[in-house]
K.L.:
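Dropping a structure here in structure tokens format, bear with me for questions.
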Amino acid sequence: MASTYAPYTRQNLVDYAVMALCLLGVFIAFEIRDFVYFRDYSITFEGAYRLFLGQVPYRDFGAPVGPASFVIPALFFKLFEPNWTFFLLSQQFQNACLLVLVYALLGRIGTRALIKRIALLAFSVFYLLLLTHPWYNSTGALLLLAGVLCALGSSSVSVVAAGLLAGVAVLTKQDFGLLTLLIAGFFVAVVSLGSDREKILPGPDCLRDRARLLALAINLMLFAISAMAVVALFILATDAEQFKYWFNYGQSPHEARSISLRDLLGNSFGTLGWVTALLALARNNFRLLVASIFITAASVSRTTSGLGFTHYYFVAFMPVIIDECLRLKIRFKVLLLVVVVYASSRTMIRPVNDVYHVFESVALHQPEHFFFDYRKLSRPMADFPAELQAFSPHTQAPQQTSDAILGLKRIAAEKRAAAPGTKLKLLNLTELTPIYAELGAEPPMGLPLWFHTKVSLFPRQIEQLNETLAGQAFDIILLQGTHEGLTEPYRNFLSILNANQSYALLQVIQDSPANATWPCEPDCQGEIFIYVKRPVLSR
């Protein structure tokens, strides 16, 4: 049977125009903003840079999350060059993909044209506008949306695609991976049993229909095999033992991030999700069910992951909920609307607040703190100078940070002049991950991607670093208690370096990006200690 889909109808052309305006608006807003360098984004930068260099996750370096979120930035590094500017632009590409996915998903569940356009605008303003840097949560959200879109397809190919995307989601972040597996798997089952995209199930007779039950079994098997194949092939291509050690699913030595049932039931996300889910089941309303599931998914991922704004993907489905509730013909409709509108308004408080701070920063020509409120900055900020090509002039940091990097760049140039053909050996245990690209060095293999106690810095790695810092393998060593200040392991690292006669303390950067942006100021102790090798480098 030939497809009846016509991509160039008047209605679709209006949709495309709305999407184009949304993307243009998000990009213009991105271009006129000044960002503050933030340590957590530097994690993604280094992961992408390591892939760019050809290093293999779980074989050459460890990380408690999967490497899938590093792939798109790494491709941008390959196509252009490894610097912070193209790192930022890779997220703009992902934003375009996210908008297209939401448009396709809303169309697939039969959302009315006006509501769909309102949803696209809301999604762009309250989610895409806030996604300026690649981060594993936003990549996880992209895969979740793509997986559900494919799961709602009607062919075996779409089922396999949903399984493959769920497998990639597992290799992005564990919580988003589990959500994608459960939600996409659920919709594979619903579609297999004969949902017509208006009702959740056509009726109880479907459970006695052998053909439908057979289709359900086959499709679920295809979905599960596809997801497992992605993970299995990745493990075979890397290192099974290292994957088992690093991949955090709550096993020792990792600390599990458990889902809080109290949060799910009590917060505004959870309230709206459960209310709309019960209403969807009571009224057999497919669109309400899809919307409630994404609201609940955002509530779950929010309790297990940081950077709350990366979970605002639920905003795309808020107009759908309001529209469907208005169209229901039920008793106590006014009471239902009051409950839904109240829960919706509470859920939107944070997105509205964050967007307000973005526009406030732009209007006042202030750089954005990573929580968007420029008033959280504790030190004066300045653009990275043009000489620092791996860092972005679109991004700011304290002046002392830039000056110190320029000083290290001069030292690296002196070393190359004194010993042509030799490579600078640098060990960076700080948030300044682009410094490898800036100084022409490669991250050492066999160490974690970053150094966060109880997340990626366990007893085995601490002992390894103790031995490394006691040796003399590196020309420059940078050390910073980035995430937790100078805890006992970091104080011990400093003691080892201070006792090592091969190194001299060159400088201490008091005005580090962490000390300028982290809201626990002034107690973060995010100073960066720079050590140089005595026989090789001089002040």
Side-chain angles (χ1 to χ4, degrees), residues 37 39 42 45-46 49 84 379-382 384-391 396-420 422-444 447 450-451 457 464-487 489-517 524-539:
Y37 184 93
R39 67 183 194 200
S42 69
F45 184 97
E46 182 164 344
Y49 186 58
W84 201 262
R379 287 160 170 76
M381 310 299 287
F384 281 108
E387 300 96 305
L388 298 180
Q389 297 175 3
F391 294 83
Q396 298 189 6
Q399 187 65 51
Q400 189 187 19
T401 300
S402 297
D403 292 342
I405 299 171
L406 285 170
L408 290 176
K409 193 168 184 179
R410 286 192 291 270
I411 291 174
E414 290 172 7
K415 175 178 168 57
R416 284 194 294 270
T422 61
K423 285 190 176 182
L424 182 75
K425 295 181 179 179
L426 170 68
L427 175 61
N428 177 43
L429 309 182
T430 77
E431 62 188 312
L432 301 176
T433 55
I435 203 165
Y436 284 115
E438 189 64 54
L439 302 186
E442 294 185 5
L447 290 173
W450 71 97
F451 305 90
L457 193 60
Q464 183 182 6
L465 281 171
N466 286 340
E467 294 176 5
T468 298
L469 297 176
Q472 48 181 324
F474 295 96
D475 301 317
I476 301 174
I477 297 176
L478 289 81
L479 179 66
Q480 177 187 27
T482 309
H483 284 81
E484 58 265 36
L486 292 179
T487 54
Y490 280 94
R491 288 196 298 269
N492 194 42
F493 293 158
L494 282 173
S495 297
I496 292 171
L497 276 171
N498 289 332
N500 189 337
Q501 295 301 309
S502 299
Y503 293 98
L505 179 62
L506 176 70
Q507 184 181 0
V508 179
I509 304 176
Q510 299 287 345
D511 289 343
S512 71
N515 273 345
T517 61
C524 280
Q525 299 178 336
E527 296 90 348
I528 298 175
F529 299 84
I530 301 175
Y531 289 81
V532 296
K533 199 171 185 180
R534 291 180 191 271
V536 179
L537 303 173
S538 65
R539 295 181 70 168

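One is the number of the first residue; the rest follow in order along the sequence. All figures in this text were calculated on a predicted structure; none of them were measured in a lab.
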K.L.:
Tell me the closest heavy-atom pair linking Ser42 and Thr433, and the distance in Å.
P.N.:
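Looks like O-OG1, 2.9 Å.
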K.L.:
Contact between Thr430 and Ile435 at the side-chain level, heavy atoms closer than 4.5 Å - yes or no?
P.N.:
no
K.L.:
Would one find more than 12 heavy atoms of other residues, nucleotides or ligands at under 6.0 Å from atom CD of Gln472?
P.N.:
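Check fails, neighbour count at 12 or below.
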K.L.:
Would the distance check show the side chain of Asp511 and the main-chain N or O of Thr401 forming a donor-acceptor pair, the cut-off being under 3.5 Å?
P.N.:
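Judged by distance alone, no pair lies under 3.5 Å.
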K.L.:
May I ask you to decide if Tyr436's main-chain N or O and Asn428's side chain share a donor-acceptor pair within less than 3.5 Å?
P.N.:
no
K.L.:
Of all the heavy-atom pairs spanning Ala382 and Gln399, show the shortest one and how long it is.
P.N.:
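Smallest interatomic distance, heavy atoms only, reads CB-OE1, 3.4 Å.
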K.L.:
Lys425 and Ala473: which non-hydrogen atoms are nearest, and at how many Å?
P.N.:
CD-O, 3.2 Å
K.L.:
Could you tell me whether Lys409 atom NZ has more than 12 heavy atoms of other residues or ligands within 6.0 Å of it?
P.N.:
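Result for NZ/Lys409: enclosed.
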K.L.:
Tell me whether the rings of Phe45 and Tyr49 are parallel (<30°), tilted (30 to 60°) or perpendicular (>60°).
P.N.:
parallel
K.L.:
So Leu478 and Leu426, do their side chains get closer than 4.5 Å, heavy atoms only?
P.N.:
yes
K.L.:
What are the two closest heavy atoms between Ile509 and Ala404, and how far apart are they?
P.N.:
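Between these two residues, the closest heavy atoms are CD1-CB, 3.3 Å.
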K.L.:
Go through Gln400 and Gln507 one step at a time and tell me if the side chain to side chain contact (heavy atoms under 4.5 Å, CB included) criterion holds.
P.N.:
CA-CA 11 Å; Gln400 189 187 19; Gln507 184 181 0; 4.0 Å; yes
K.L.:
Looking at every heavy atom in both Pro513 and Thr517, which two are closest together, and how far apart are they?
P.N.:
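Residues Pro513 and Thr517, closest heavy atoms: O-OG1, 2.9 Å.
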K.L.:
So if I apply the side chain to side chain contact (heavy atoms under 4.5 Å, CB included) rule between Leu479 and each of Leu429, Leu465, Val508, which one comes out positive?
P.N.:
Leu429
K.L.:
How far apart are the C-alpha atoms of Leu408 and Leu506, what are their side-chain angles, what is the distance that settles it, and do they pass the side chain to side chain contact (heavy atoms under 4.5 Å, CB included) test?
P.N.:
CA-CA 10 Å; Leu408 290 176; Leu506 176 70; 4.2 Å; yes
K.L.:
Could you go step by step and tell me if Leu457 and Tyr490 meet the side chain to side chain contact (heavy atoms under 4.5 Å, CB included) rule?
P.N.:
CA-CA 11 Å; Leu457 193 60; Tyr490 280 94; 4.1 Å; yes
K.L.:
Does the separation of the ring centres of Phe384 and Phe391 fall below 6.0 angstrom?
P.N.:
yes
K.L.:
For a 4.5 angstrom cut-off between non-hydrogen side-chain atoms, does Pro434 reach Tyr37?
P.N.:
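Yes, at least one pair of side-chain atoms sits under 4.5 Å.
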K.L.:
Can you list the residues that meet the side-chain contact (heavy atoms from CB on, under 4.5 Å) rule with Pro380, with sequence neighbours excluded?
P.N.:
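Result, side-chain contact (heavy atoms from CB on, under 4.5 Å) vs Pro380: none returned.
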K.L.:
Do Leu427 and Leu469 come within less than 4.5 Å of each other through their side chains, counting heavy atoms only?
P.N.:
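Yes - at least one pair of side-chain heavy atoms lies under 4.5 Å apart.
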K.L.:
Testing Ile530, Asn515, Ile528 for side chain to side chain contact (heavy atoms under 4.5 Å, CB included) with Gln480, which one passes?
P.N.:
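Only match with Gln480 under side chain to side chain contact (heavy atoms under 4.5 Å, CB included): Ile528.
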K.L.:
Are Glu442 and Lys423 within salt-bridge range, i.e. N to O under 4.0 Å?
P.N.:
yes
K.L.:
Where is the tightest heavy-atom contact between Leu424 and Ala412, given as atom of each residue plus distance?
P.N.:
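Of all heavy-atom pairs spanning Leu424 and Ala412, the closest is CD2-CB, 3.9 Å.
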